[in-house]
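Everything below concerns the one structure shown next.
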Amino acid sequence: MRISGAKNSALKLMAACVLAEGTHVLSNVPDIADVQLMAGVLEALGMTVRRGDGGVTEIVRDVPLQPEAPYELVEQMRASTAVLGPLLAAVGEARVAMPGGDDFGARPIDMHLRGLEALGAAFELDHGVIHGRTDGLRGAEIVLDYPSVGATENLLMAAVLAEGHTVITNAAREPEIADLAAFLNRMGARVVGAGSARIDIDGVAGLRAVSHAVVPDRLEVATFLAALGVAGGELRLTHSRPDHLELLIDRMGAMGIRVSPDGDGLWAMRRARPRPVDVATLPYPGLATDVLPLLVAVLCFADGTSFATENVFAGRFGYVGELARMGAHIKVEDHHLVIDGVEQLSGAPVRAPDIRAGAALVVAALGAEGETVVLNGEHIDRGYESFDRKLRAVGADVERLADDTDGR
Ligand code: EPZ
């Protein structure tokens, strides 16, 4: 089964296209709702986005930019704030609606703004819109309080056109950051150290439009490995990067799910009932917060008690009540879960609270007796390309139901 390009890279690569005039060509871009939303943001700025076949997307900047990302798009997708740094760097001004909270609770962007201020931008909040201006960004030494993915990316995209040298310390190290830096360097930027905790950037006078292939989606890989963890059997996932999932593969090994590199992807197998393990999320190379709902879905079937800890997003347990509706035994203790595995869950109507939790409910349903209906499936479509078709391709009995009045 072919893994798609990573949502969490594609969205930032699209935002980075703001930095240079001309036609950029991105390939391996997943066909998902969030990519369409980011295309809408770029079109609101005055750019043109043309999606071709096979995940090839052309992004054209050939007219003066309107530096405003509208509220109706930002409130649907926080990642719209990724245009803040590129706009300030490219045209010295940015108006981006202040993103509200979402399913995970408060998700401030204070580190983005503080870092951009250090680079020479000034901000004011104007009726819910962040209005940033600069008469020219200048390199700076920035130390992040926390290795925030979004802040690292926004500062990186701003610093590549800033005058002088910038250092980002305690930077996020996710593979999507390295993918963004590779794209920026292909455009003519001078970024060193992406993927490590220290990134050095020497600003350049200008960048050019180029082509780039989006890195494979490690979170989609994790989702299909979790599906295997619940349903058992064997799986080959092509166009994937097992080296981006070392800790997950280690944890899966402890659960009895064997995973090994295979050609341009990986092979995996599960025979016996999963074993219980303890898992805790941390910034990369720690276990990604996005895979925890998927692991918890597998551990609901484990032969014993597991402990799961969420350290990145305080309020990310919206799926626990839905799993309990299917008969899972999970106790919530602050940001910890105690999961007593059961032989089988039972099918039930459940509601997806967000992208990864929605996928986790579908994964759990693969091991449930009877039918499960996952409502608010649009959350899943935000982050997964043809999820139902791909699951059927590996043997799952999954069907997409037409929308109806209650959003089914
Ligand atoms: C990115 O979100 C991903 N989204 C998330 O994936 C992922 O869960 C997250 O990184 C962590 O890996 C995209 O790339 C589009 P952060 P981001 O800034 O950038 C706090 C998915 O399902 N923080 O690393 O928003 C923040 O509240 C999504 O694909 C501040 O306090 O994450 C959180 O607790 C969900 N102030 C922590 O840092 C700031 O200025 C990590 O956030 C920035 C962040």
Side-chain angles (χ1 to χ4, degrees), residues 4-16 30 32-35 37-38 41 73-74 76-85 96 98-118 123 130 142-157 168 170-180 197 214-215 217-223 244-245 247-248 281-294 310-316 318-319 335 352-360 379-385 387:
S4 300
K7 164 182 83 77
N8 291 348
S9 181
L11 299 178
K12 315 310 168 51
L13 299 175
M14 292 172 76
I32 56 175
D34 274 13
V35 163
L37 277 170
M38 185 57 88
V41 170
L73 291 173
V74 176
Q76 290 181 63
M77 180 182 68
R78 303 177 52 73
S80 314
T81 55
V83 297
L84 206 46
V96 176
M98 182 73 155
D102 69 8
D103 308 294
F104 307 166
R107 291 177 68 184
I109 58 167
D110 54 318
M111 289 185 242
H112 301 229
L113 302 180
R114 264 204 312 283
L116 291 167
E117 279 167 349
F123 294 99
I130 303 160
I142 301 166
V143 181
L144 293 178
D145 300 347
Y146 179 96
S148 153
V149 172
T152 301
E153 292 163 335
N154 241 329
L155 300 176
L156 187 50
M157 291 189 279
I168 305 174
N170 196 24
R173 301 162 56 186
E174 274 69 2
E176 295 77 26
I177 307 272
D179 197 34
L180 174 61
V214 180
V215 74
D217 195 334
R218 62 195 167 102
L219 303 176
E220 188 185 21
V221 172
T223 306
H244 290 166
L245 289 160
L247 202 59
L248 176 77
T281 65
L282 282 172
Y284 193 88
L287 192 69
T289 169
D290 304 310
V291 307
L292 195 68
L294 302 158
E310 173 54 50
N311 292 312
V312 178
F313 288 109
R316 196 168 189 175
Y319 54 92
H335 63 300
D354 62 69
I355 301 171
R356 309 302 164 188
H379 279 301
I380 298 173
D381 291 336
R382 285 190 50 196
Y384 293 91
E385 182 174 67
F387 194 41

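Counting starts at 1 for both ligands and their atoms, following the listed order. For clarity, every value in this text was computed on a predicted model and none was experimentally measured.
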Where does [X] meet ligand 1, judged by heavy-atom distances below 4.0 Å: at the side chain, the backbone, both, or neither?
X	answer
R356	side chain
D290	side chain
K7	side chain
T289	side chain
E176	neither

Protein contact of [atom] - nearest heavy atom, named by residue and atom, plus distance:
atom	result
atom 24 (O) of ligand 1	V149 N, 2.8 Å
atom 34 (O) of ligand 1	V312 O, 2.8 Å
atom 37 (C) of ligand 1	Y146 CE2, 3.7 Å
atom 14 (O) of ligand 1	K12 NZ, 2.8 Å
atom 3 (C) of ligand 1	N8 ND2, 3.7 Å
atom 36 (N) of ligand 1	D110 OD1, 2.6 Å
atom 26 (C) of ligand 1	F313 CE2, 4.0 Å
atom 31 (O) of ligand 1	P108 CG, 3.4 Å

Could an N or O of ligand 1 be found under 3.5 Å from any N or O of [X], whether backbone or side chain?
X	value
S148	yes
G150	yes
I355	no
A79	no

State whether the side chain of [X] and the backbone N or O of [Y] hold a donor-acceptor pair below 3.5 Å, judged by distance alone.
X	Y	answer
Q76	L37	no
E310	H335	no
E153	L155	no

Could you pull out the closest heavy-atom pair between [X] and [Y], with the gap in Å?
X	Y	answer
V35	A10	CG2-CB, 4.4 Å
P147	A172	O-CB, 3.3 Å
N311	L282	ND2-CD2, 4.2 Å
Y319	A357	CB-CB, 3.7 Å
I355	H379	CG1-O, 3.4 Å
N154	H112	ND2-ND1, 3.1 Å

(request) Measure the distances from the heavy atoms of R316 to every atom of ligand 1 and state whether one is below 4.0 angstrom. (result) yes
(request) Compute the minimum heavy-atom distance from A151 to ligand 1 and say whether it is under 4.0 Å. (result) no
(request) Begin with the C-alpha distance, continue with both residues' side-chain angles, and end with the deciding distance and a verdict on salt bridge (Lys or Arg N to Asp or Glu O under 4.0 Å) for E176 and R218. (result) CA-CA 10 Å; E176 295 77 26; R218 62 195 167 102; 2.8 Å; yes
(message) Under 4.0 Å from a heavy atom of I109: which atoms of ligand 1 are those, numbered in the order shown and with their elements?
(response) 39 (C), 40 (O)
(request) May I ask which of R382, R107, R114, M111 has a heavy atom nearer to atom 17 (P) of ligand 1 than the others do? (result) R107
(request) Go through R316 and L292 one step at a time and tell me if the side chain to side chain contact (heavy atoms under 4.5 Å, CB included) criterion holds. (result) CA-CA 9 Å; R316 196 168 189 175; L292 195 68; over 6 Å; no
(request) Would you mind reporting whether N8 and V149 have side-chain heavy atoms less than 4.5 Å apart? (result) no
(request) Test the R114-F123 pair against the cation-pi criterion, namely NZ or CZ under 6.0 angstrom from the six-membered ring centroid and within 45° of the ring axis. (result) no
